[in-house]
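Here is the structure we will look at.
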Protein chains: 2
Amino acid sequence: MLKKERHDFIMRQINLHNRVLTSDLVQLLNVSEDTIRRDLQELVDEGHLFKVHGGALSKSYHSSFDDSTVYARDKKIVIAKKATELIKDGMVVLIGGGTTILEFTKQLPQGLSATFFTISPLVAVELAKYNNVEVVLIGGLFSKNSQVTYGGHVISQLSEIKADLCLMGTSALHPEGGLTDTDWEINQLKKAMLACSKKSAVLCISEKLNITLRLKVCPIESISYLVTELDKEHESLSNYQKKDVNIL
Amino acid sequence: MLKKERHDFIMRQINLHNRVLTSDLVQLLNVSEDTIRRDLQELVDEGHLFKVHGGALSKSYHSSFDDSTVYARDKKIVIAKKATELIKDGMVVLIGGGTTILEFTKQLPQGLSATFFTISPLVAVELAKYNNVEVVLIGGLFSKNSQVTYGGHVISQLSEIKADLCLMGTSALHPEGGLTDTDWEINQLKKAMLACSKKSAVLCISEKLNITLRLKVCPIESISYLVTELDKEHESLSNYQKKDVNIL
DNA sequence: AACATTAATGCACAAAAACGCAAAAACACG
DNA sequence: CGTGTTTTTGCGTTTTTGTGCATTAATGTT
């Protein structure tokens, strides 16, 4: 059996059960423990899984109990604060989910009076704390991974909305590749959200810049505002500025 | 079981109930006390929880008193545990909001496979933690007071659902007056929820029994199950028993 | 104060990982 | 084809890690 085949086999097991035991793999693949260990190490180096004593766990498994420690929280707060400038009294805003967006909802000025449509329950709960803000939660199937509603029902309801601004987090942004994502459902969702908004703003920590993922949501030109934690003039933003995106 | 998995299990318990007992974990995980203690110590070192004599507490327990301020929490937990008996694999359940219901979502058995429709974002988020549970969030205007979606849009979507069981908290229950409420919107909502379910269960702490409020939702006969923290045979429940309500 | 429960500590043992080394296989290239 | 190089693999040894047990200390209860 080829190394590559072993690696694939291991990844299948991981995707299936979220875990593998070294000893099991030794039996199943009929090779020595060392080989398995080396395989696992290589898969770790490629960032595909997570090694622990006795075996390995899926990468996503790890994040399951870490909701207290939001990754790169400080940067996200900076972004969130900047983004509040975009919201004016009387606006109708369509807003997504994700940790950055959630941070954003905590940074809004108290007196703000606006209407928010959202697909994220957590965002809805946060926004409801503002007295003069009206919140509409768009219902549908609820995604365990991304913690937002999704599916046909959501899309069809989105099609009935006309918002002034669409605010969303992002998985990846690239000057040429535009806004991209890995999950098909989320991809559809973002497309629909953009389609029903006059303008759009993307909240994006810098490490997600200049990356392209599998599925394309929209070209860079469709984005009105880009909000990062970097300074407006930072060189890594120049490629976006050229494309007529407003940098915040 | 891998160490990491144990840690994860412990953290799930903590996030769910804000506390764990060392002795419980020993039983549940089938390892020695020492191992549990070491696990807890490591989780403390990583800053995930808070160790006390006899077990550990959630870190947020100390800072945010959200959970401890829930009125009559202990009683509600008793009710919630009883109510889980009503849920069987494969069921389609329509579930409301409120603190009692939220407690209920934390008491369900891990393996449960069912579909839940809900009008409460917080309930949706909790239910999404169960792997085999499908969650559909019913969208609409979001109420700041009761933290559920409401309004015409919700009602019209409810009319398209057919559920096996409807589970709701309650403001007041009376043997003659039936289920009553003070808020007109919530009243409409509860009516609609009952209308689309084959059976209905009301979760109700005893002090809300024998009270009638302004607006009537339904007569007592429309309720299939009544779940309180009292013993089945308690005298204050006899008036309900007579009306053919199943007491849990 | 006496007692029971829970923690901490040191120790022993087993399982797993890391490391260095050597054999075998695959590959490169004149 | 043959020779030198790299890659892959397995083995023995040493370290590290995980676990349980016995003993002692601390804590809570009545």
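The sequence lines fix the lettering, A, B, ..., with proteins before strands; numbering per chain opens at 1.
Direction of the helix axis in the helix from C/dA1-D/dT30 to C/dG30-D/dC1 shifts by 40° between the two five-pair termini, rounded to 10°.
When the salt bridge (Lys or Arg N to Asp or Glu O under 4.0 Å) test is applied to B/Asp164, the partners found at least two apart in sequence or on another chain are B/Lys198. Taking the salt bridge (Lys or Arg N to Asp or Glu O under 4.0 Å) definition, one finds that A/Glu126 meets it with A/Lys129, sequence neighbours left out. Applying the side chain to side chain donor-acceptor pair (under 3.5 Å) criterion to B/Arg19, with sequence neighbours excluded, gives no partner residue.
Taking a 6.0 Å sphere around CD of B/Glu235, one finds it holds 12 or fewer heavy atoms contributed by other residues, nucleotides or ligands.
Proximity of B/Lys3 to the phosphate of C/dA15: no side-chain N or O atom is located under 4.0 Å from OP1 or OP2.
Of the charged side-chain nitrogens involved, at least one lies within less than 4.0 Å of a carboxylate oxygen, so that A/Glu176 and A/Lys243 count as a salt-bridged pair. Using a 4.0 Å cut-off between charged side-chain N and carboxylate O, B/Arg37 and B/Glu33 make a salt bridge. Salt bridge absent: A/Lys3 and A/Asp39 never bring a charged side-chain N and a carboxylate O closer than 4.0 Å. A salt bridge links B/Asp8 to B/Arg12: one of the charged nitrogens lies within less than 4.0 Å of a carboxylate oxygen.
B/Val93 places none of its side-chain heavy atoms less than 4.5 Å from the side chain of B/Phe117.
Within the nucleic acid shown, B/Thr22 comes within 4.0 Å of sugar-phosphate atoms alone, with no base atom in reach, counting heavy atoms only. Among the protein residues, A/Val26 comes within range of no part of the nucleic acid, since none of its heavy atoms lies under 4.0 Å from any strand.
For DNA chain C, the residues of residues 31-40 of chain B within the heavy-atom distance limit of 4.0 Å (strictly under) are B/Asp34, B/Arg37, sorted by number.
First and last contacting nucleotides of DNA chain D toward chain A (any atom under 4.0 angstrom from a heavy atom, 5' to 3' order): D/dT8 to D/dG18.
Side-chain atoms of B/Thr99 and B/Lys76 form a donor-acceptor pair, as typed in the model, at a separation below 3.5 Å.
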